[in-house]
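Note sheet for the following structure.
Because only heavy atoms are used, hydrogens play no part in the values below, and waters and symmetry mates are left out as well, while side chains stay in.
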Amino acid sequence: MSFEAEVIPMFLVCAGVVSILELIIGCLLLKNQTIARNRLIGHAISMAIALFFLVRCIFANWLGVVPAIASISNSACIGLFGIFWAVSVCFFLSVVVSLMGKES
C-alpha cells in the first residue's frame with residue numbers, strides 16, 4: 001500500500017504509546033485486584049501481538065519484509081491478527097466480568 005512517509009512511523013509510535021498507557025493506567029487502577037490486573041496484562045500482550053501481525057501485513061514493504069509469496073504471507077498475518085485479537089477481546093471481557101462480580 002502507498003502511504004505518506006510520516007504515516008507509518010506515526011502509526012507505530014501512537015499504537016505503542018496507547019498500548020503502554022493502557023497497560024500502565026489499567027495496572028494502577030487495578031492494583032488491588034490481582035486477577036483482573038493479570039487478565040488486563042494478558043489483554044495488552046495479546047493485543048500487542050495482534051498489532052504486530054497487522055503492521056507486518058500492512059507495512060511489509062516499508063519495513064523491508066520480503067516474503068516468498070506475498071499473498072500467503074498476508075493471509076497468514078491477517079489470520080494471526082484475528083486470532084490474537086479474539087484472545088485479547090476474551091481477556092478484556094474476563095476483566096469486565098471479574099470486576100462486575102466484585103460489585104454485586
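Residues Leu99 and Ala36 share a closest heavy-atom pair of CD2-CB, 4.0 Å. Across every non-hydrogen atom of Ser19 and Leu51, the tightest pair is OG-CD1, 4.0 Å. Smallest separation of non-hydrogen atoms from Ile41 and Cys27: CG1-SG, 3.9 Å.
Linking Ile, Leu, Val, Met, Phe, Trp and Tyr whenever their side-chain heavy atoms come within less than 4.5 Å leaves Ile49 and Val87 in two separate clusters. Ile20 and Phe52 fall into different hydrophobic clusters, where Ile, Leu, Val, Met, Phe, Trp and Tyr residues are linked whenever their side-chain heavy atoms come under 4.5 Å apart, directly or through other members. Each of Val18 and Leu30 belongs to its own hydrophobic cluster when Ile, Leu, Val, Met, Phe, Trp and Tyr are linked at side-chain heavy-atom distances under 4.5 angstrom.
Within the model, atoms CD1 of Ile78 and CD1 of Ile83 stand 12.0 Å from one another, a figure rounded to the nearest 0.5 Å. A distance of 10.0 Å separates OG of Ser73 from CZ of Phe53, quoted to the nearest 0.5 Å. Rounding to the nearest 0.5 Å places CD of Gln33 at 11.5 Å from CG of Asn38. Note that the CG atom of Leu29 and the CD1 atom of Ile24 stand 12.0 Å from one another [nearest 0.5 Å].
Within the 4.5 Å cutoff, side-chain heavy atoms of Phe91 are placed close to those of Ser46. Taking the side chain as every heavy atom from C-beta outward, Leu40 and His43 approach each other to under 4.5 Å. For the pair Val55 and Phe11, the minimum side-chain heavy-atom distance is below 4.5 Å. At a threshold of 4.5 Å between non-hydrogen side-chain atoms, the residues Phe84 and Met47 do not count as touching. Under the 4.5 Å side-chain criterion, counting only non-hydrogen atoms from C-beta, Arg39 is in contact with Ser98.
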Taking it one step at a time, do Met10 and Val13 satisfy side-chain contact (heavy atoms from CB on, under 4.5 Å)?
-> CA-CA 5 Å; Met10 185 171 54; Val13 169; over 6 Å; no
